[in-house]
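Working notes, beginning with the structure itself.
Start at 1 with the first residue, then count along the sequence.
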Amino acid sequence: MFIEQRIYTAHPGKLPAWLKAYAEIGGPASSRTLTPLMGMFTVEFGQINRVLFIRGFDDIDERERGLARRDADPEWQRFLQESRGLNALAAQEAKLMKTVDFSPVQKVGQPFERRIEGEAMFVDHRTYDFEPGRMNAWLEAYRSIGKPVQDRLLGQLLFFCVTECGPINQAVFAWAYSSLGDRDRRRAAMAADPGWAEFQKATGALGALKAQNTLVLKPVPWSPIR
């Protein structure tokens, strides 16, 4: 499965108006003509005044056909006209990713089943950069040693991908928690677990990781993941 991830950066103070236009006009037009939206989030920690959203494609050629349908949709053209008038966006970034075989989402339209407590959601979104040629060994160690520890101790894994276009040699994944305190407590338990120490020892010897970046996200009210 392909996942397109987009991050839009807004001028300070202008993101709420853009989000309102997207919720009322742009989002419905996109879901009508493309595939269903998977999730949409604002950035709570990291570079702020940003929105991150993901959409899946089982057939990547369907993306092109869908974009053509959307461009022909009068409501999409109305959204473009209104959003341009807001002058809200300062930058846009897009990545094309593919799910790994242990990602919980594997198919367009797969319903999201919330497994964390409460009603709130905070998403720990992570991007790991790897040395060329070393990512697969890290992923295999994660699959066999690290992920079982995290499955037992962390929140809910939402997706796990590797990049196909855009910056390559990256793993992009996200875990959901019921609160920031929940995240902190669970990650502290993970750090103290002997299985996690085993994973760190196994991956440290690989020299695979170049950089790690994390964002804390909150879902918008119409996000399917929330």
Side-chain angles (χ1 to χ4, degrees), residues 1-97 105 108-112 119-127 158-159 161 163-168 170 172 174 176 180 213-226:
M1 176 187 182
F2 293 90
I3 292 181
E4 181 175 358
Q5 174 184 279
R6 288 182 168 254
I7 301 178
Y8 290 179
T9 304
H11 296 289
K14 294 194 173 183
L15 185 58
W18 187 92
L19 287 172
K20 182 175 185 294
Y22 188 86
E24 295 176 354
I25 310 169
S30 292
S31 292
R32 219 174 24 248
T33 53
L34 293 169
T35 55
L37 179 70
M38 291 175 60
M40 192 167 192
F41 313 87
T42 54
V43 177
E44 187 81 359
F45 291 104
Q47 185 180 341
I48 59 172
N49 298 306
R50 299 165 95 192
V51 59
L52 180 152
F53 52 107
I54 51 176
R55 191 180 302 274
F57 300 92
D58 294 330
D59 174 3
I60 193 57
D61 289 334
E62 176 57 26
R63 177 182 182 274
E64 291 301 308
R65 294 188 289 267
L67 289 174
R69 290 192 297 268
R70 190 176 68 176
D71 286 344
D73 189 295
E75 285 295 280
W76 179 250
Q77 293 303 317
R78 182 163 76 94
F79 167 70
L80 292 180
Q81 184 176 1
E82 292 203 11
S83 61
R84 288 187 189 115
L86 297 171
N87 192 29
L89 297 182
Q92 297 169 288
E93 172 193 315
K95 288 180 182 179
L96 184 63
M97 313 184 297
V105 60
V108 169
Q110 182 177 328
F112 172 66
E119 296 183 0
M121 178 183 285
F122 291 81
V123 175
D124 184 341
H125 177 283
R126 292 179 171 252
T127 302
L158 300 178
F159 62 86
C161 300
T163 50
E164 184 80 4
C165 297
I168 59 171
Q170 288 185 339
V172 181
L180 291 177
N213 182 67
T214 183
L215 301 171
V216 173
L217 313 175
K218 293 179 73 173
V220 298
W222 61 89
S223 175
I225 297 175
R226 62 187 303 273

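One distance of note links CG of D73 with CZ of R78; it measures 10.5 Å at 0.5 Å rounding. Expressed to the nearest 0.5 Å, how far OH of Y8 lies from CG of L15 amounts to 12.5 Å. Here L217 contributes atom CG and E44 contributes atom CD; the two are 9.5 Å apart, rounded to the nearest 0.5 Å. Atom CD1 of I7 is separated from atom CG of L215 by 6.0 Å, given to the nearest 0.5 angstrom. A distance of 8.5 Å separates CG of L52 from CD of E93, quoted to the nearest 0.5 Å.
In this structure, the side chains of D61 and R65 come closer than 4.5 Å at one or more pairs of heavy atoms. Under the 4.5 Å side-chain criterion, counting only non-hydrogen atoms from C-beta, P12 is in contact with N49. Under the 4.5 Å side-chain criterion, counting only non-hydrogen atoms from C-beta, L19 is in contact with W222. A 4.5 Å side-chain heavy-atom check between F159 and V172 finds at least one atom pair inside the cut-off. Taking the side chain as every heavy atom from C-beta outward, S31 and R55 approach each other to under 4.5 Å. Here the side chains of Q5 and H125 are in contact, with some heavy-atom distance below 4.5 Å.
Contact between L89 and H11 at its shortest, heavy atoms only, is O-NE2, 3.7 Å. Nearest approach of A23 to P28, heavy atoms of both residues: O-CD, 3.4 Å. Looking at every heavy atom in both residues, L67 comes nearest to L34 through N-CD2, 3.4 Å. In this structure, M121 and P219 approach most closely via the heavy-atom pair O-CD, 3.4 Å. When all heavy atoms of E4 and R6 are compared, the pair lying nearest together is OE2-NE, 2.7 Å. When all heavy atoms are compared, the tightest approach of W76 to S30 is CZ3-OG, 3.4 Å.
Of the possible donor and acceptor atoms, none in the side chain of R70 sits under 3.5 Å from a partner among the backbone N and O of A29. Of the possible polar contacts, none joining the T9 side chain to the A90 backbone as a donor-acceptor pair under 3.5 Å is found. A distance-only check finds a donor-acceptor pair linking the side chain of R226 to the backbone of P221 [under 3.5 Å]. Checked by atom type and distance alone, the side chain of S223 never pairs as donor or acceptor with a backbone atom of G39 at under 3.5 Å.
Within a 6.0 Å radius of NZ in K14, more than 12 heavy atoms belonging to other residues, nucleotides or ligands are found. Residue-environment remark: CG (L180) exceeds the threshold of 12 foreign heavy atoms within 6.0 Å. Few gaps surround CD1 on I60; more than 12 heavy atoms of other groups in view lie less than 6.0 Å from it. Open room surrounds CD on Q81; 12 or fewer heavy atoms of other groups in view lie less than 6.0 Å from it. More than 12 heavy atoms of other residues, nucleotides or ligands shown are found within 6.0 angstrom of CD on Q92.
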* Asked: Can F79 and W18 be said to form a side chain to side chain contact (heavy atoms under 4.5 Å, CB included), step by step?
  -> CA-CA 10 Å; F79 167 70; W18 187 92; 3.9 Å; yes
* To do: Apply side chain to side chain contact (heavy atoms under 4.5 Å, CB included) to K218 and F122, showing your working.
  => CA-CA 5 Å; K218 293 179 73 173; F122 291 81; 3.9 Å; yes
* Asked: Going through the distances and angles, do M1 and Q110 end up as a side chain to side chain contact (heavy atoms under 4.5 Å, CB included)?
  -> CA-CA 11 Å; M1 176 187 182; Q110 182 177 328; over 6 Å; no
* To do: Mind running side chain to side chain contact (heavy atoms under 4.5 Å, CB included) on L158 and V105 for me, showing each step along the way?
  => CA-CA 7 Å; L158 300 178; V105 60; over 6 Å; no
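A search for salt bridge (charged side-chain N to carboxylate O under 4.0 Å, His left out) contacts involving R69 returns E62, not counting sequence neighbours. For P167, the side chain to side chain contact (heavy atoms under 4.5 Å, CB included) test picks out K95, Q170, with sequence neighbours left out.
Note on ring orientation: taking the six-membered ring where Trp is involved, the planes of Y22 and F53 are tilted (angle from 30° to 60°).
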